[in-house]
Amino acid sequence: MSRYAAPPTTRAPRALRLILPLLGTVALSAACTTGGDAPDSASSTGSPTTAAATPSPTGQPSASASVPVTIPTSAFVELPVELRKSPRRPTAVTEALPKFCGNEFGTGGRQVTASAAMTVTYKKAGEPDSNVPQGMIHQTIFTFEGDGASEYLRRLRGAVQACPSYDQGGNPVTVKSGTLPGVGDEALLVTRTWAATSLNGERTGGNTSAQIAVARVDKVVTVFHDQGWEGSSGNPTILDRTVRDGVQAIDAWQR
């Protein structure tokens with residue numbers, strides 16, 4: 001709007017002076033009522049195009065982050081058709097991350113700029129769709145600023161090593177971890193083992209195991225949490241393939 005003002009000796013006609021404030025009121029009212037809430041980016045009735053990027057469960061995005069981060073659906077892994085029981089779907093980050101002795105995997109801190117999660121349900125290759133799934137893999141993606149991604153891995157390694165076992169509904173769970181070579185810039189593989197039980201919680205003999213893989217790609221960290229169906233063991237072969245495909249998806253997104 002021009003800042004030019006009429007000379008003191010010039011006065012607008014009285015009718016015009018009355019109309020101008022009314023026009024300003026109408027314009028302000030229109031500005032406040034134009035448009036509505038944006039539709040959800042991930043609807044339960046259609047294929048999502050982006051995953052909701054939310055703060056870490058234990059920290060807020062850093063105030064110094066200059067550009068808001070949106071984590072697209074394409075950054076998440078999708079299983080090949082022969083292993084896919086159901087398509088990937090959005091999941092709450094707090095539900096996707098595993099918990100052992102505490103909130104080991106939710107220690108993103110204030111360097112997190114965004115986080116989102118999705119879940120895929122898998123089956124054994126060649127099995128008919130009428131069979132029950134073999135398991136689910138929850139994938140969480142964190143984006144960081146600065147050295148936050150490498151610091152997350154450092155803290156996570158220490159937290160996992162400090163929790164060699166924990167109690168899961170009265171059933172002791174042992175935890176072992178090691179490096180996962182050839183995945184991203186660095187990667188961690190965690191294996192949980194516990195006594196096998198029936199759906200009623202009765203011991204059936206033998207052990208059940210599941211794995212969590214964590215990989216860093218530059219300033220992005222992704223967590224893959226494999227859960228066997230109804231308390232059964234996960235599938236390490238499918239998890240390994242999913243992790244490597246997932247790292248490639250993130251690398252493509254970051255280019």
CG on Leu180 to CD on Glu186, rounded to 0.5 Å = 11.5 Å
inquiry  = Check this for me: does any side-chain nitrogen of one of Arg192 and Glu104 sit under 4.0 Å from a carboxylate oxygen of the other?
reply    = no
ask   = Taking side chain as C-beta onward, heavy atoms only, is Ile141 less than 4.5 Å from Met118?
value = no
message = Quick one, Leu188 with Arg157, criterion side chain to side chain contact (heavy atoms under 4.5 Å, CB included). Give me CA distance, side-chain angles, the key distance, then yes/no.
response = CA-CA 8 Å; Leu188 174 71; Arg157 287 190 184 94; 4.2 Å; yes
task = Compare all side-chain heavy atoms of Lys219 with those of Thr143 and state whether any distance is below 4.5 angstrom.
result = no
ask   = What pairs meet the ring-ring contact (aromatic ring centres under 6.0 Å, His included) rule with one or both residues in residues 157-216, with sequence neighbours excluded?
value = Phe100-Tyr166
query = Going through the distances and angles, do Asn171 and Arg203 end up as a side chain to side chain contact (heavy atoms under 4.5 Å, CB included)?
reply = CA-CA 10 Å; Asn171 199 355; Arg203 298 285 179 91; 3.5 Å; yes
query = NZ of Lys124 to NZ of Lys85: how many Å apart, nearest 0.5 Å?
reply = 13.0 Å
query = With no hydrogens and no angle check, is any side-chain donor or acceptor of Arg88 less than 3.5 Å from a backbone partner on Phe76?
reply = yes
request  = Go through the side-chain N and O atoms of Gln161 and Ser177 and say whether any donor and acceptor fall under 3.5 Å apart.
outcome  = no
task = Please report the closest heavy-atom contact between Pro236 and Gly234, naming both atoms and the distance.
result = CD-O, 3.5 Å
request  = For Ala213 and Leu189, work out which heavy atoms get closest and say how close.
outcome  = CB-CD1, 4.1 Å
inquiry  = Strictly distance-based, threshold 3.5 Å: is any side-chain N or O of Gln139 a donor or acceptor partner for the main-chain N or O of Val77?
reply    = yes
remark   = Residue pairs meeting ring-ring contact (aromatic ring centres under 6.0 Å, His included), one or both in residues 199-223, sequence neighbours left out, come to none
request  = Among residues two or more places apart or on two chains, list those pairs meeting ring-ring contact (aromatic ring centres under 6.0 Å, His included) that have a residue in residues 204-225.
outcome  = His138-His225
query = If you look at every heavy atom in Ser165 and Cys101, which pair is closest and at what distance?
reply = O-SG, 3.6 Å
query = Strictly by modelled atom types, are Ser198 and Thr204 linked by a side-chain donor-acceptor pair under 3.5 Å?
reply = no
inquiry  = Could you check whether any side-chain heavy atom of Ile238 comes within less than 4.5 Å of a side-chain heavy atom of Gln134, counting everything from C-beta outward?
reply    = yes
request  = Compare every heavy atom of Ser74 with every heavy atom of Ala249, then report the nearest pair and how far apart it is.
outcome  = CB-O, 3.9 Å
message = Tell me whether Asn235 contacts the main-chain N or O of Thr237 through its side chain, where contact means a donor paired with an acceptor under 3.5 Å.
response = yes
ask   = Donor-acceptor pair, Thr222 side chain versus Thr140 backbone, under 3.5 Å?
value = yes
ask   = Please, which pairs that meet disulfide bond (SG atoms under 2.5 Å apart) have at least one residue in residues 167-216, sequence neighbours excluded?
value = none
query = What pairs of residues pass the ring-ring contact (aromatic ring centres under 6.0 Å, His included) test when at least one of them lies in residues 230-255, not counting sequence neighbours?
reply = none
message = Taking Ser86's backbone N and O only, do any of them form a donor-acceptor pair with Arg84's side chain (distance below 3.5 Å, no angle check)?
response = no
query = Rounded to the nearest 0.5 Å, how far does CG of Asp185 lie from CG of Asp218?
reply = 6.5 Å
task = Flag the pair Glu78 / Thr73 as yes when at least one side-chain heavy-atom distance between them is below 4.5 Å, and no otherwise.
result = no
message = Would the distance check show the side chain of Ser233 and the main-chain N or O of Ser209 forming a donor-acceptor pair, the cut-off being under 3.5 Å?
response = yes
ask   = Which atoms form the tightest heavy-atom contact between Val183 and Ala215, and what is the distance?
value = CG1-CB, 3.8 Å
query = Run the side chain to side chain contact (heavy atoms under 4.5 Å, CB included) check on Asn131 and Lys123 step by step: do they pass?
reply = CA-CA 8 Å; Asn131 285 15; Lys123 63 179 182 178; over 6 Å; no
key: Single-linkage hydrophobic cluster, 4.5 Å side-chain cutoff, Leu153 and Val190 together   = yes
inquiry  = Determine whether Phe105 and Tyr152 satisfy the following criterion, side chain to side chain contact (heavy atoms under 4.5 Å, CB included), listing intermediate values before the conclusion.
reply    = CA-CA 9 Å; Phe105 293 82; Tyr152 174 89; 3.9 Å; yes
ask   = Would a 4.5 Å heavy-atom cut-off, applied to side chains only, mark Arg241 and Leu83 as touching?
value = yes
message = Rounded to the nearest 0.5 Å, what separates atom CG in Leu97 from atom CG in Asn103?
response = 7.5 Å
Side chain Asp226, main chain Gln211, donor-acceptor under 3.5 Å = no
request  = Give the cluster check for Met136 versus Val132: same hydrophobic cluster or not, with ILVMFWY residues linked at side-chain heavy-atom distances below 4.5 Å.
outcome  = yes
message = Using side-chain heavy atoms (C-beta onward) and a distance below 4.5 Å, is Thr121 in contact with Arg89?
response = yes
message = Per the salt bridge (charged side-chain N to carboxylate O under 4.0 Å, His left out) rule, what does the pair list look like for residues 161-178, sequence neighbours excluded?
response = none
